[in-house]
Amino acid sequence: MNKEDILYWLREKDEHKLNKLWNMADSVRKQFVGDEVHLRGLIEISNYCKKNCLYCGIRVYNTKLTRYRMRDDEILECVKFARKNGYGTIVIQSGEDTYFSRDEIAELIIKIKKHADVAITLSLGECDEQSLKIWKEAGANRYLLRFETSDEELFERIHTAKQSKSLERRIRQIEELKRLGYEAGSGIMIGIPYQTYESLANDILLFKKLDIDMIGIGPYIPHPETPLGREFIKDYKNDEERFVPNTEIMTYKVIALTRIICPDTNIPATTALATINTREGRILGLKRGANVIMPNLTPPKYKKLYEIYPGKSSADDEPEVIHQNVLKVIEQAGRRVGKGMGNRREL
Ligand code: SAH
Ligand code: SF4
């Protein structure tokens with residue numbers, strides 16, 4: 001499939017024709033990654049962040065937010081739950097929180113590995129090469145860092161234009177991850193204001209070029225306590241001929257196209273998708289190319305405060321409830337829970 005084909009599908013509106021795309025993605029998924037759905041238990045360890053991404057609810061300038069950090073024993077409780085339920089991976093995510101030193105994160109990785117035979121994915125934002133090396137040695141297996149968009153101008157618009165070459169720096173970190181032996185995860189938001197179809201097609205091609213091992217694709221959800229969210233809610237009237245809407249259907253299209261173009265990669269049915277369609281978002285994600293779910297194991301009292309975007313799906317639910325719901329989703333999609341760590345390539 002070339003760029004022209006990608007653009008054709010991104011602009012296609014006919015539900016009947018789109019069935020062909022869903023079927024193609026589903027059969028590629030079945031052929032390359034099979035029927036297993038891998039569970040990655042997500043723990044959101046801190047909502048402190050020094051960054052100011054204009055779309056994100058936990059950015060440093062959101063002064064209305066109560067901030068938290070989880071203690072090690074609280075984190076290990078979540079790990080215990082994951083182990084008990086056979087999860088192959090723990091994902092440690094946070095804002096860019098300078099409170100945790102490089103060594104503290106390394107110690108946390110070592111402790112988790114002692115408690116459970118799981119793969120560890122880190123998602124702690126941008127960081128230096130030395131930290132990545134130390135965390136790798138401590139036992140981290142994967143790292144998630146979305147490039148958000150491959151369009152430099154758009155990237156700078158949704159971050160702060162002050163730092164030039166910021167997209168380039170982020171892509172360099174993704175390449176560095178691969179060199180250090182991590183599985184590298186990345187991803188994008190669908191329908192950020194002024195995102196063009198052309199740039200979205202380029203995003204998918206960049207996944208391929210960078211040979212990304214895990215690709216997170218979710219709709220942009222406006223947060224009223226952010227500059228971009230306020231602009232979106234007040235003034236933004238999307239011209240759908242020119243710019244990509246932040247819709248559910250557009251998200252499925254990008255998941256499906258990504259599956260076809262990067263056939264053996266891991267693609268989650270994201271929480272953002274479950275947020276815009278609680279009943280069916282994840283099921284349809286799984287039927288249109290996805291093969292991973294990241295159940296949120298963060299205790300509800302913290303999870304509620306990790307408000308990257310509003311209305312986050314299952315924000316009040318305990319891990320046990322979330323887990324049962326995820327099992328139902330997998331069953332309804334006609335699939336089965338994955339065994340082992342669900343690496344892209346078995347090591
Ligand atoms: N601080 C880390 C991890 C937390 S943010 C980092 O930035 O990598 C994780 C992801 O949440 C971001 O990469 C972004 O794609 C997504 N996100 C942030 N705000 C969002 C919003 N308003 N709508 C949808 N996704 C959002
Ligand atoms: Fe911080 Fe990540 Fe949100 Fe940016 S997207 S403000 S780095 S948590």
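Atoms within a ligand are numbered from 1 in the order they appear, just like the ligands themselves.
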Ligand 1 versus C56, non-hydrogen atoms closer than 4.0 Å: side chain, backbone, both, neither?
both
Can a donor-acceptor pair be found between the side chains of N296 and T298 at a distance below 3.5 Å?
yes
For ligand 1, is any non-hydrogen atom under 4.0 Å from H223's backbone (N, CA, C, O), its side chain (CB onward), both, or neither?
neither
Using a strict cut-off of less than 4.0 Å between a Lys/Arg side-chain nitrogen and an Asp/Glu carboxylate oxygen, indicate whether E44 and K312 qualify as a salt bridge.
yes
Which one holds for K51 and ligand 1: side chain close, backbone close, both close, or neither close, with close meaning a heavy atom under 4.0 Å?
neither
The answer for which part of Y306 has a heavy atom under 4.0 Å from ligand 1 is side chain
In ligand 2, which numbered atoms sit nearer than 4.0 Å to a non-hydrogen atom of R59?
6 (S)
Name the closest protein heavy atom to atom 21 (C) of ligand 1, giving the residue it belongs to and the distance to 0.1 Å.
I221 O, 3.6 Å
Could a heavy atom of G95 be found less than 4.0 Å from some atom of ligand 1?
yes
Nitrogen or oxygen of S94 less than 3.5 angstrom from that of ligand 1:
yes
Parallel, tilted or perpendicular: ring planes of Y302 versus Y68, cut at 30 and 60 degrees
parallel
Protein contact to atom 13 (O) of ligand 1 [nearest heavy atom, distance to 0.1 Å]
E148 OE2, 2.6 Å
I'd like to know if atom 1 (Fe) of ligand 2 has an N/O/S atom from C53 within less than 2.8 Å of it, counting both backbone and side-chain atoms.
no
Considering only heavy atoms of G95, which atoms of ligand 2 have at least one such atom less than 4.0 Å away?
8 (S)
So which protein heavy atom does atom 25 (N) of ligand 1 come closest to, and at what separation?
M189 SD, 3.5 Å
To the nearest 0.1 Å, how far is atom 16 (C) of ligand 1 from its closest protein heavy atom, and which atom is that?
R146 NH1, 3.9 Å
Does atom CD of E153 have more than 12 heavy-atom neighbours, drawn from other residues, nucleotides or ligands, at distances under 6.0 Å?
no
Identity and distance of the protein heavy atom lying nearest atom 8 (O) of ligand 1
G125 CA, 3.8 Å
So for ligand 1, is Y55 a polar contact partner (N or O within less than 3.5 Å, distance only)?
yes
Where is the nearest protein heavy atom to atom 24 (C) of ligand 1: which residue, which atom, and how far?
P219 O, 3.3 Å
Could you tell me whether R69 and E104 have a side-chain N and a carboxylate O separated by less than 4.0 Å?
no
When you look at D213 and N266, which way does the side-chain hydrogen bond (donor to acceptor under 3.5 Å, both in side chains) test go after all the steps?
CA-CA 6 Å; D213 302 305; N266 284 315; over 6 Å; no
For atom 5 (S) of ligand 1, what is the closest protein heavy atom, and at what distance to 0.1 Å?
I308 CD1, 3.6 Å
salt_bridge(E198, K3) N-O dist < 4.0 Å
yes
Are L21 and L205 grouped together when hydrophobic residues (ILVMFWY) are joined by side-chain heavy atoms under 4.5 angstrom apart?
yes
Got a salt bridge between K111 and E107, using NZ or NE/NH1/NH2 to carboxylate O under 4.0 Å?
no
Does ligand 1 come near enough to L145 that some N or O of the ligand is less than 3.5 Å from an N or O of the residue?
no
Counting only non-hydrogen atoms of the protein, does one fall under 4.0 Å from atom 19 (N) of ligand 1?
yes
Does a salt bridge link K328 with E331, judged by any charged N lying under 4.0 Å from a carboxylate O?
no
Show me which atoms of ligand 2 lie under 4.0 Å from any heavy atom of C49.
1 (Fe), 6 (S), 7 (S), 8 (S)
Sole candidate of Y236, Y55, Y309, F232 that passes ring-ring contact (aromatic ring centres under 6.0 Å, His included) when paired with Y220
F232
Proximity to ligand 1 by part of C49, non-hydrogen separation under 4.0 Å
neither
Residues D317 and K303 bridged, charged N to O under 4.0 Å:
no
Protein heavy atom under 4.0 angstrom of atom 2 (Fe) of ligand 2, is there one?
no
Answer yes when R344 and E183 have at least one side-chain N-carboxylate O distance shorter than 4.0 Å, and no when they do not.
no
Which option, D97, I58, N62, L54, owns the non-hydrogen atom nearest atom 8 (S) of ligand 2?
I58
Under 4.0 Å from a heavy atom of Y220: which atoms of ligand 1 are those, numbered in the order shown and with their elements?
22 (N), 23 (N), 24 (C)
Just jot down the ligand 1 atoms closer than 4.0 angstrom to any heavy atom of S123, in number order.
3 (C)
Is E175 paired with K178 through a side-chain N to carboxylate O contact shorter than 4.0 Å?
no
Looking at CZ of R29 and CG of D35, how far apart are the two atoms once the value is rounded to the nearest 0.5 Å?
5.0 Å
